[in-house]
Number of protein chains: 2
Amino acid sequence: MLSVARNEPLDLVFQALADPVRRGMIERLGRGPASVSDLARPFAISLSAAVQHLAVLEASGVVRSRKEGRVRTCRIEPKALRLAERWIADRRSGWERRLDRLGDVLGEAVSKGKRRRTTP
Amino acid sequence: MLSVARNEPLDLVFQALADPVRRGMIERLGRGPASVSDLARPFAISLSAAVQHLAVLEASGVVRSRKEGRVRTCRIEPKALRLAERWIADRRSGWERRLDRLGDVLGEAVSKGKRRRTTP
DNA sequence: CCAATAGTTTAGCGAACGCTTAAGTATCAT
DNA sequence: ATGATACTTAAGCGTTCGCTAAACTATTGG
């Protein structure tokens, strides 16, 4: 049975970021373009596994690549990562404002040195 | 070879964000604390499924909850999300600086046309 | 040409996911 | 006390994930 849409951009980007190998690849690409072999080398995985990680990264839009000769050169694609960063930032702006106002209504107001804010 | 330690904070946070239901729960919690039932209601999933999503969110540190009576009240926990946001931002600062000098295409041209044996 | 290099694709496996149902527990209302 | 509420836990099911091995397709260098 098909459940909720799990192929939207944000799903793919966060899924891509959820793996330490793929994050490592992104960090590597942050220092400049690299071949598939370059991306695989620091990790104890086969080239095949690296190709599959790359497929996830490309599907998410975080990385794009082009094949020149027998070498596939990969580079980072800013847009997708910015989408993810902005989703988090948008939520943060929401709850930071909230927590700022309701800070001392919560349970831990008793233990700490409590300074009074504007009227609750 | 780099170690592939799974279940590190960043893995858990990005994994938590990779599901649309969990992101929806985070958005809901951004508007204020909510019970497990409140979190489940918009999504047409069982309460049991909601509890399991909540477990993922709590394991990642994005949400924390406390039980008062028979109601578990959930609220957002800023630290974990900030960690994720900052990881992305740190990478961005890297490749944005790099993309400013568009020297990568030039580097390709050099390696192709240049056959000197000056310094290796 | 031949062999090495660089990557691709497919099949399969064990583990993790997301979900449901079903059977619990604890608290609140009457 | 009895029933309703609000979870909680366990079991099971089908799907997806990350990986390897193996067979395959280009390119490149001598």
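Below, chains carry the letters A, B, ... as their sequence lines are ordered, and counting in each starts from 1. All of these numbers come straight from a predicted model, not from anything done at the bench.
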Would you tell me if any nitrogen or oxygen in the side chain of [X] comes within less than 4.0 Å of OP1 or OP2 on [N]?
X	N	answer
B:R22	C:dG18	yes
B:K67	D:dT8	yes
B:R70	C:dT25	no
B:S37	D:dC7	yes

Heavy-atom closest contact (A:C74 atom, A:L39 atom, distance):
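Heavy-atom minimum between the residues: SG-CD1, 3.9 Å.
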Between A:V56 and A:L12, is there a side-chain heavy-atom distance shorter than 4.5 Å?
no
When the distance from [atom1] of [X] to [atom2] of [N] is rounded to whole Å, what number comes out?
X	N	atom1	atom2	result
B:Q15	C:dA16	CD	P	12 Å
A:F14	D:dT16	CZ	P	22 Å
A:L57	D:dG18	CG	P	10 Å
B:L12	C:dA16	CG	P	13 Å
A:D19	D:dT16	CG	P	18 Å
B:L47	C:dA23	CG	C1'	14 Å
A:F43	D:dC19	CZ	C1'	15 Å
A:R23	D:dG18	CZ	P	12 Å

Could you tell me whether a side-chain N or O of [X] sits under 3.5 Å from a main-chain N or O of [Y], the two making a donor and an acceptor?
X	Y	answer
A:R23	B:W87	no
B:R28	B:G32	yes
A:R22	A:Q15	yes

Give each protein N/O atom lying under 3.5 Å from an N/O atom of nucleotides 9-15 of chain C, with the pair distance.
| unit_1 | atom_1 | unit_2 | atom_2 | d |
| --- | --- | --- | --- | --- |
| C:dT9 | O4 | A:S48 | OG | 3.1 |

Under 4.0 Å between a Lys/Arg side-chain N and an Asp/Glu carboxylate O for B:E77 and B:R75?
no
So, are B:E85 and A:R92 salt-bridged, with charged N and O less than 4.0 Å apart?
yes
Choosing from C:dC17, D:dC7, C:dG7, which nucleotide comes nearest the side chain of B:S35?
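Side chain of B:S35 sits closest to D:dC7.
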To the side chain of B:S46, which of D:dC7, C:dT21, C:dC19 is closest?
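The closest nucleotide is C:dT21.
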